[in-house]
Structure formats: C-alpha cells, structure tokens
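For reference, the structure discussed in these notes is given below.
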Amino acid sequence: MNQNFPPLVIGIDLGTTNSSVAVAQDGKLTVIPVNGQLTMPSVVGIDPTGKLVVGQAAKNQAISAPENTVLSIKRLMGTDATAELVGKSYRPEEISALILGELKRAAEAHLGRSVTQAVITVPAFFNERQRLATQDAGSLAGLEVLRIINEPTAAALAYGAGQSDTSENETLLVYDLGGGTFDVSVVRVENGIVEVRASHGDIHLGGDDFDEALTNLGEERLREKHADSLPAAAHRRLKSAMEIAKIHLSDEPFATVREEYLTPASHLETEISRYDYEQLIDPWLVKTLDCVQRTIADAGITAHQLDKIMLVGGATRTPAVQELLMRTLDMEPRHEINPDLVVAMGAAIQGATLAGQPTPAILVDISAHTYSVLAVVGHDFMGRILGCCPVVRRGTPLPVTKADLFTTQVDFQEKVEVQVYQGESDDPSENLSIGEFMVTGLSDVPAGNEIIVQFHIDLNGLLTATATEKRTGLAKSVTIDTAGQHRINLDAARTNLAALFEEQDAAFSEDDEEAEDEDDEFTSEYDGESVDLSAPENEGPANSSALLASAKSLRNRAGKLLDQGVPETDAAAIHTSLAAIPVAIDARDWNQLRTILDTLSDLLFYLED
Ligand code: AMP
C-alpha cells in the first residue's frame, strides 16, 4: 500500500451491541460500511468449521451456538473476567481487539490504504482501568489510539459543538439508549472546549430488555393456546422476531409476529399494538428519567438551563422515548443525525482535528416542520376539543414513513375527514392547514373503528398521507407538496397579475375617457345634483370619485343623526361642514373637501358612539 498518504485518523464507536467506524477526509465525513452495513454487531464467534467470525456472521450463530459466541464484551472491559470460546478463555481486551481489527480492515479496504491511528469512544462513566483496557484493545488490533473520548462528547461534536466557527457556549443533555446500556450526560461547551459535567447510567438497561419483555408477552400468548413452554433456542428465535416487531412499532401502530414451529406443536401468530408495547416498557423509561433528573442535578443546573437534548443509540428511535423527554424537559430532542452512527461520526471529527484535516460539517435532510392530523384530543363543557396530533415530528431525517392510530368517535360513522396540518402547535389555529381528504364507505361498526394514518415524506418534501381502515384495508391517499406550501404558485400568480393589469388598463382608459368627457359635462352625481368630476391639477379623477362617494355617505349619516337630535353645538358644527361640502366641490378643491370630510367623519364617529 502507498505510504505517502496524508495523515488519517479513523473514529471508532466500540459499542456493547454494535460498533461502527467513520473517517473525515478533505472536509467530508464517511461512515465506512462493514459487510455492506453501517454498523457491525459487536459479536465474536468460532463457526462450526473452526473459523473465527466477527460481526454479523457471529451474531447469526449466536442463537444456534451460544457457547461458541461472545456478546456484549464491553460490559467486562477493565475487569479480570474472561470470555469462553470453544473451551478457551479470552480477556475482554482480546475479544475487543478482534472487533476493532475487523473495523480497521473494513476501513483499509474502503480507503485503499493502511490505517494505523484511531480515536475510540467510551462511555463517560468508564473508569481509568476501563479506558486503559480499551486503549490496549486498540494496540492489540494494530491501532495507535491517539485519544479515548467520551461518547457524549463525540455526539456533541457531531452536532457541531466546539467547532472553531461556533463561539456559542451551551449546555447539552445527551441521552444514550442502546441495545444493552443506557447513559445520560450533561455536556458543557465553553469557548470551543467540550466537557462532560455529569453522567449517570445503567449498564444493564437497553433495547434488549424491551425485546425480552416482548418475548415474554409472546410466550404468554403462546401458552394460552399451547401448554408447553419454549426451549431456550426457540426463546432466542422468538426474541429475534420480537426485536424486528419492536423496530416496526417505532414507525407503525401495530406489528404482527408470525413464527411457525417454535416447538413441533406451537405456532405463534400475534399482533402487538404500539400502545401495549409502550405500557410494557414504561417501567424502564421511568428509570431512565430518574437518571436524567439525577444527572441534571449533579451538573448543578436545572432543566431550564439546557440548550439542547441530543439522542444517541438505536433505542431512542422509540417514539415513547422522544415523547417522554419532550414532555418532561419541555424541549424537542434532536435526532436528525442517525443515532446509531452519531458517536462514530463525532470520533471521526475528533480524528480529523488530530490529523490536521478540515473539520467536516454533517449535513442531513430533515423535516423542517411537524406534520399532524386533526383529531379529538379531549372534551370540555363545550364538547369535543380538537387538536393537532403529530405523526412526523420536526427534525426527523428524510425520507420518512410513520404511521399512527386514530379511532372514529361516533357509532356507525360512515366517513372520516383527514385534515393534515403543518406546524409545531397543538392548536390547529396556530398551524397551517395543508390538505384534507375524506375516506368514505367505512364499516358499519360502533365508535372506535381503527383508522391508521400514515405519512410518507420524501427528500423533495412531497408528503403522501394515507388513511386505512384497519379492519378492511379500505384506504385513501393524497400527496401534498410541503415544500410548495410557503412558495408562491407561479402560474396562479401570473394569472392573478395579468387580471390586475387588465383591470387597471380598463379603469384608467375609462378614467381618461371620463376626464375628457368631463371637460364639458357633468358625469357623476352628488346627492342628485350634477357634479363636475373633471380633474383639478392636484388630484386624479379616481380619487375625486372616492371623495364624492364618501361625502354622500357622510351626508346620509349626518342627516340621520340630526333627525335623532344631537346637542346644539354639535348640530351647528354638522351644518357648517355640510354647507362647506358643495362649496369645495364647486371649486374642485379636493384637498379642502378631504379636510371637511375628515372633520365631519370624526364628529359623526364621536356622536354615533
Ligand atoms: P445501539 O446499541 O445504539 O446500536 O442500539 C441497538 C438497539 O437499538 C437494539 O436494541 C435495537 O433493537 C434498537 N433499535 C434499533 N432501531 C430501532 C428502532 N427503529 N426502534 C426501536 N429500537 C431500535
């Protein structure tokens, strides 16, 4: 390989469940695929032929050959524990070195050059021994570890914190919920320095727990039909299916799990709703919230002093996680950078700085607004309260497909109107209505008929809204150009302007004709008297028409008031103005007429009041 390449330092997120590697070169950041995937399972194994396998291949055999597979080695880093592989013991550093070596090879294959230096991330709570173990794992893999950085620091760097052109000082909360671990940190960025102020976590809390809870639910439902309980291998198979269902539930309100022959006699086909799933995982989410509160307190701040919340880790894609944080901290969490990759990206940014490379900016396509559906959100003494229920939130990376569940409110409701709003408020009057459509021919059923509303937004901002009656599959969609919502419709505007010009031409040519005619005859009327409308030097004829119309209207109002009776002095003032009007008109003194009318108008306004 050519040794004359400019210095290059890769960034590695060595995760408990998954790892990834990224690099920044010439101001451009790349997450390097490993076997075609941007994240690689942090799994090491020996396959049935005796070959060492790392990553997806090792994960694939974890179900069938758990004794030949090592998972979650990160939990043992910095301890004297060992992992067994086909009867042989390995130190955690050694297993981690195999993972790092695989990432290094993938980077070299991708970049076409050797890679010898790296930045590796660790959780903020890692102690010195755990950090040294990580560094040693790097050296065993043939990498000089230039820096070990905290995962929340890396996330903050990826979101642009501490860059030379960002002089902003800010306080960030990094909420990291991965497969096997959870941690939360308060990070302070001051004069370009990024520092973790406080951090808490639970190294045994993550998406795996959610998978396990769903698996138990599946087993429970299975036992309703089949008495036998599942052997370990079938339990693992079911867990794998449940993880897929869980991921599906982040975007859809229902997921169906179909697993045949879990045992020779048991087949599972079950539907799980997002609502049931959220109830199931709520105790863990509450636990993470306790950690959040503790971390904020330990950082010596209050939640109001946070400037941003950033989400890290695949499990933060769970809508309930985002909603919980938003409700509790009253701030929308940032999740536009892929939460699986944000730490590796931050490590690569740090690597670029150490290599003297320009700092890359991470650009992502995101939804600039929240898109919601109008629905009944409560009741009060006036009746139903309508509110905007978000389906796609602001800051969601594009393209996106998300769906939510709505129900009919009335028995035997035959149709529903889906009204789509753009904007951040719950209150529809503060948002922009961008489209609506009707789904008719719904089933003849009592209230509570389930309607799934799905939004798909593509990279061009085209939103396709689809409403589907769940029980029949009856569906209707519309496509709305969200990018066009604030832009002028050029064709409509051209037609509009052309019409205006035509009107103007017609009006002015009429006026011109009038003006010519008026030179020698009366063409308009003021209270039955013929009035000369020819234009004086200082006033256009169109304005004089308006003044005359105004004079007529004021005269009528004055007449009514005088009939009703007004104080003597006011009546005298009205008569004076009324008498002055024809004098000004005769003199074609439009300025004088305007002054008289203004005075009269003020007087009438005061008296009518
Ligand atoms: P990480 O350790 O950051 O790679 O996160 C892995 C965890 O995130 C696993 O438990 C995954 O099942 C979970 N995960 C990945 N994608 C999603 C998703 N869309 N919704 C919910 N959980 C997810």
Side-chain angles (χ1 to χ4, degrees), residues 12-22 31 33-34 37-43 55-56 59 62-63 71-75 96 99 103 121-123 151-152 154-155 158 174-185 201-215 236 238-255 257 272 274 276-278 280-282 284-285 288 310-325 333 335-347 392-393 396-397 399-404:
I12 293 179
D13 169 12
L14 182 61
T16 308
T17 320
N18 294 300
S19 296
S20 44
V21 54
V31 178
V34 186
Q37 300 295 318
L38 295 178
T39 61
M40 181 189 83
S42 307
V43 187
Q56 193 57 49
K59 186 180 176 185
I63 293 178
L71 297 127
S72 304
I73 193 67
K74 187 171 171 179
R75 292 204 173 116
S96 293
I99 297 168
L103 298 172
T121 59
V122 294
E151 288 160 7
V174 181
Y175 179 101
D176 182 349
L177 188 61
T181 59
F182 164 69
D183 54 76
V184 56
S185 309
D202 186 332
I203 57 162
H204 294 286
L205 193 168
D208 290 350
D209 295 303
F210 308 165
D211 302 342
E212 194 61 46
L214 281 172
T215 310
R236 283 195 294 272
L238 182 58
K239 190 169 168 187
S240 197
M242 286 301 182
E243 182 182 7
I244 295 168
K246 171 191 78 173
I247 290 172
H248 194 73
L249 287 171
S250 285
D251 298 328
E252 300 287 333
F254 295 96
V257 179
I272 301 162
R274 187 190 286 166
D276 287 344
Y277 169 62
E278 287 174 354
L280 210 60
I281 64 169
D282 190 58
W284 284 286
L285 299 192
T288 69
M310 291 172 312
L311 298 182
V312 178
T316 59
R317 290 200 184 90
T318 311
V321 168
Q322 300 182 12
E323 279 153 23
L324 186 72
L325 286 171
H335 59 289
E336 61 263 36
I337 302 180
N338 184 328
D340 297 318
L341 306 178
V342 61
V343 169
M345 288 180 179
V392 172
R393 288 198 181 274
T396 305
V400 62
T401 303
K402 288 216 178 271
D404 225 325

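Order of listing sets the numbers, starting from 1, for every ligand and every atom in it. Fair warning: this is a prediction, and the values are worked out from it, not measured in the lab.
Between G180 and D208, the shortest heavy-atom distance links the atoms CA-OD2, 4.0 Å. What you find for T316 and Q322 is that their closest heavy atoms are O-NE2, 3.0 Å. The nearest pair of heavy atoms linking L311 to P339 is O-CB, 3.9 Å.
By the ring-ring contact (aromatic ring centres under 6.0 Å, His included) test, F182 pairs with Y175, sequence neighbours left out.
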**Report entry** Test log, rule side-chain contact (heavy atoms from CB on, under 4.5 Å), inputs Q56 and Q37
**Finding:** CA-CA 9 Å; Q56 193 57 49; Q37 300 295 318; 5.5 Å; no
Just the distances, no angles: every ligand 1 N or O to protein N or O pair closer than 3.5 Å, one line each.
unit_1, atom_1, unit_2, atom_2, d
ligand 1, 2 (O), G179, N, 2.9
ligand 1, 3 (O), G314, N, 3.0
ligand 1, 4 (O), N18, ND2, 2.9
ligand 1, 5 (O), G179, N, 3.4
ligand 1, 5 (O), G314, N, 3.2
ligand 1, 8 (O), A315, N, 3.1
ligand 1, 10 (O), K246, NZ, 3.0
ligand 1, 12 (O), E243, OE2, 2.6
ligand 1, 12 (O), K246, NZ, 2.6
ligand 1, 16 (N), R317, NH1, 3.2
ligand 1, 20 (N), S250, OG, 2.6

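When only modelled atom types and interatomic distance are considered, S20 and T39 share no side-chain donor-acceptor pair under 3.5 Å.
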